[in-house]
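Start at 1 with the first residue, then count along the sequence. Side chains are part of it too, since the values below use all heavy atoms of this structure and drop only hydrogens, waters and symmetry mates.
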Amino acid sequence: MKSSGLVVLVIAASLMSCKTSELYLNVTEPAPVTIPSYVKKIAVIDRTAPTEEAKAIDVADKILSLEGSELDREGAAASITGLADELRLNKKFEEVKLLSDIEFRTPRINILPQPLSWDIVQQLCVENDADAIFSLEKFDTDTRIGYSNRNVDIASPLGIIPALEHQSDMETIVKTGWRIYDPSTKTLLDEYLQEETLTFHGKGVNPLAAAAGLIGRKDAVKEAGNKTGQNYALRIIPYEIRVIREYYVKGTDNFKIAERKAQMGKWDEAGELWAKELDNPSSKIAGRAAYNMAILSEINGKIEDALDWAQKAYEDYNNQLAPDYVHILENRRYQNQALDEQQ
């Protein structure tokens with residue numbers, strides 16, 4: 001893995017113990033979903049409209065859950081728009097087509113429908129010159145509303161007077177489901193469900209005033225739908241996390257000086273000092289030096305070298321931090337292989 005995937009962010013001065021200190025690194029993790037390199041053109045579809053048979057159930061569901069008749073339809077449209085817009089920002093793809101003029105219907109309400117047949121997927125890709133299909137398979141909103149009142153004192157021209165304050169509360173859960181179809185291998189590259197909860201509150205001296213605070217729900221659902229589409233597009237992009245490593249700062253004067261070098265970001269100069277202790281007659285000191293050389297190698301993006309040093313620290317000197325670090329580095333090696341496949 002290239003060293004650009006690993007960045008030293010902060011060097012913490014606080015000590016975990018009298019012999020070690022911490023450093024913070026940015027590590028690039030592989031994307032949750034790998035898109036094959038031959039996929040250059042994408043088609044985006046919406047499969048969430050109910051069939052005629054399912055419409056009666058859908059209408060009843062909307063009445064029971066206090067949904068507007070167009071809420072799911074407009075929210076789903078916002079979702080695929082958000083997905084397509086975000087995918088277009090990805091330089092991996094040459095073209096992203098939003099097939100909004102094709103109507104797909106599903107007989108299943110509130111749950112993921114059966115996947116599209118591969119014959120249909122192949123036909124869609126051929127007709128639209130696409131290599132893969134990103135599909136919104138589910139969009140549903142569940143709404144709960146609560147109403148309460150309480151006695152309050154309010155200011156008026158006549159002074160403070162008692163009044164009854166009305167409060168309305170609404171919670172809307174936006175549920176989406178997605179699939180990615182690869183017709184070349186007849187593989188579902190991903191199947192993913194996500195939820196987002198929206199809350200609305202209103203209050204006033206009468207029920208009408210309290211309900212006024214809920215008026216913006218439809219726009220909020222559309223905005224949430226757009227955001228879920230954008231978020232789903234990010235599942236194919238590697239991301240960074242912050243990790244903590246500890247390194248030795250005690251043992252000899254070279255370790256003390258190296259600590260100060262490290263705190264100034266001069267890791268290679270710190271490494272030169274640690275290297276001087278690799279031949280120290282004390283196995284404990286030599287083991288700490290080998291372990292720190294593993295840390296330096298990881299900072300420089302050299303995972304294989306880091307593994308060699310960490311293994312040496314344990315095998316030759318019985319360093320007790322090394323075994324866990326070996327497992328961490330082995331996992332990083334595996335992740336870097338996945339990252340290379342996603343380039």
Check: Glu22/Tyr247 side-chain N/O donor and acceptor closer than 3.5 Å = no
Do you see a donor-acceptor pair shorter than 3.5 Å between the side chains of Thr228 and Gln194?
-> no
Compare every heavy atom of Arg245 with every heavy atom of Leu25, then report the nearest pair and how far apart it is.
-> CD1-CG, 3.8 Å
Among residues two or more places apart or on two chains, list those pairs meeting ring pair (Phe, Tyr, Trp, His ring centres under 6.0 Å) that have a residue in residues 74-93.
-> none
Taking atom types as modelled, find out whether Glu341 and Gln337 have a side-chain donor-acceptor pair closer than 3.5 angstrom.
-> no
Residue pair Glu196 / Ile173, side-chain heavy-atom distance below 4.5 Å | no
Counting only heavy atoms not in Lys97, do more than 12 fall under 6.0 Å of its NZ?
-> yes
Polar contact flag, side-chain donor to acceptor under 3.5 angstrom, Gln230-Asn226 = yes
With sequence neighbours left out, what residues match Trp178 under ring-ring contact (aromatic ring centres under 6.0 Å, His included)?
-> Tyr232
May I ask you to test the Ile35-Ile42 pair for a side-chain heavy-atom distance under 4.5 Å?
-> no
Do Val326 and Trp309 come within less than 4.5 Å of each other through their side chains, counting heavy atoms only?
-> no
Shortest non-hydrogen pair, Val174 vs Phe139, comes out as CG1-CZ, 3.6 Å
Using the rule that two of Ile, Leu, Val, Met, Phe, Trp, Tyr join whenever any of their side-chain heavy atoms come within less than 4.5 Å, decide whether Ile102 and Leu98 are in one cluster.
-> no
Side chains of Leu99 and Val44: closer than 4.5 Å at any heavy-atom pair?
-> no
CG-CD distance between Asn90 and Glu86, expressed to the nearest 0.5 angstrom | 8.5 Å
Should Ser100 and Asp46 be marked as a side chain to side chain contact (heavy atoms under 4.5 Å, CB included) after you check the CA-CA gap, both sets of side-chain angles, and the distance that decides it?
-> CA-CA 7 Å; Ser100 55; Asp46 173 11; over 6 Å; no
Check: Pro238 and Pro30 side chains under 4.5 Å, non-hydrogen atoms | no
Under 3.5 Å, is there a donor-acceptor pair linking the side chains of Thr185 and Asp182?
-> yes
Residues Asp119, Ser117; criterion side chain to side chain donor-acceptor pair (under 3.5 Å); working and verdict | CA-CA 5 Å; Asp119 287 341; Ser117 72; 5.3 Å; no
Acceptor/donor pairs from residues 288-296 side chains to any protein atom, 3.5 angstrom cut, sequence neighbours excluded:
residue, atom, partner, partner atom, Å
Arg288, NH1, Lys250, O, 2.8
Tyr291, OH, Glu246, O, 3.2
Asn292, OD1, Tyr248, N, 2.9
Asn292, ND2, Tyr248, O, 2.9

State, to 0.1 Å, how close Leu136 and Ala76 come at their nearest heavy-atom pair, and which atoms those are.
-> CD2-O, 3.6 Å
If you round to the nearest 0.5 Å, how far is CD1 of Ile257 from CH2 of Trp274?
-> 13.0 Å
Are Asp190 and Arg179 ion-paired here, with the side-chain N under 4.0 Å from a carboxylate O?
-> no
Are any side-chain N or O atoms of Thr187 and backbone N or O atoms of Leu189, one a donor and one an acceptor, separated by less than 3.5 Å?
-> no
More than 12 heavy atoms of other residues, nucleotides or ligands under 6.0 Å from OH of Tyr317: is that the case?
-> yes
Do NZ/NE/NH1/NH2 and the carboxylate oxygens of Glu304 and Arg333 come within less than 4.0 Å?
-> yes
About how many Å separate CD1 of Ile180 and CD of Glu137, when rounded to the nearest 0.5 Å?
-> 10.5 Å
Check the side chains of Asn280 and Glu277 for a donor-acceptor pair under 3.5 angstrom, ignoring hydrogens and angles.
-> yes
CD1 of Ile285 to NZ of Lys276, rounded to nearest 0.5 Å, is 15.5 Å
Residue pair Leu273 / Asp253, side-chain heavy-atom distance below 4.5 Å = no
Does Glu272 come within less than 4.0 Å of Lys261, counting only side-chain N to carboxylate O?
-> no
Taking all non-hydrogen atoms of both residues, which atom of Ser79 and which atom of Gly225 are closest, and how far apart?
-> OG-O, 2.8 Å
Side-chain (Tyr239) to main-chain (Glu29) donor-acceptor, under 3.5 angstrom = no
Would you kindly confirm whether Leu23 and Leu329 end up in one hydrophobic cluster when ILVMFWY residues are joined by side chain heavy atoms under 4.5 Å apart?
-> yes
Hydrophobic cluster identity match, Tyr325 and Ile241, side-chain contacts under 4.5 Å | yes
Scanning both residues in full, the closest heavy-atom pair of Ala270 with Ala262 reads CB-N, 4.3 Å
Charged N-O contact under 4.0 Å between Glu94 and Lys40 | no
Working for side chain to side chain contact (heavy atoms under 4.5 Å, CB included), residues Val249 and Lys19 = CA-CA 6 Å; Val249 296; Lys19 60 185 179 181; 5.9 Å; no
Nearest heavy-atom approach of Gly287 to Ala313 is O-CB, 3.7 Å
NZ or CZ of Arg235 within 45° of Tyr192 ring axis and under 6.0 Å = yes
Supply the atom-to-atom distance Leu116 CG to Ser135 OG, rounded to the nearest 0.5 angstrom.
-> 5.5 Å
Neighbour count above 12 (heavy atom, 6.0 Å) for Glu223 CD | no
Group every Ile, Leu, Val, Met, Phe, Trp and Tyr by side-chain heavy-atom contacts under 4.5 Å, then state whether Ile328 and Ile299 land in the same group.
-> yes
Would you confirm whether Lys227, through its side chain, and Lys222, through its main-chain N or O, come within 3.5 Å as a donor-acceptor pair?
-> no
Compare all side-chain heavy atoms of Ile45 with those of Phe104 and state whether any distance is below 4.5 angstrom.
-> yes
Check: Leu193 and Thr176 side chains under 4.5 Å, non-hydrogen atoms = no
When Arg332 is tested against each of Thr28, Val243, Val27, Leu307 for side-chain contact (heavy atoms from CB on, under 4.5 Å), which residue passes?
-> Val27
Side-chain heavy atoms under 4.5 angstrom apart, residues restricted to Ile, Leu, Val, Met, Phe, Trp, Tyr: same cluster for Leu112 and Leu188?
-> no
Output yes when a side-chain donor or acceptor of Arg88 lies under 3.5 Å from a complementary backbone atom of Val96, and no otherwise.
-> yes
Return yes if some donor-acceptor pair links the side-chain N/O of Asn128 with the main-chain N/O of Ala130 below 3.5 Å, else return no.
-> no
For Lys92, does the NZ atom sit with more than 12 other heavy atoms under 6.0 Å from it, leaving out its own atoms?
-> yes
Judged by modelled atom types alone, do Asn318 and Gln320 share a side-chain donor-acceptor pair under 3.5 Å?
-> yes
Between the CG atom in Asp305 and the CD atom in Glu298, the distance rounded to the nearest 0.5 Å is 12.0 Å
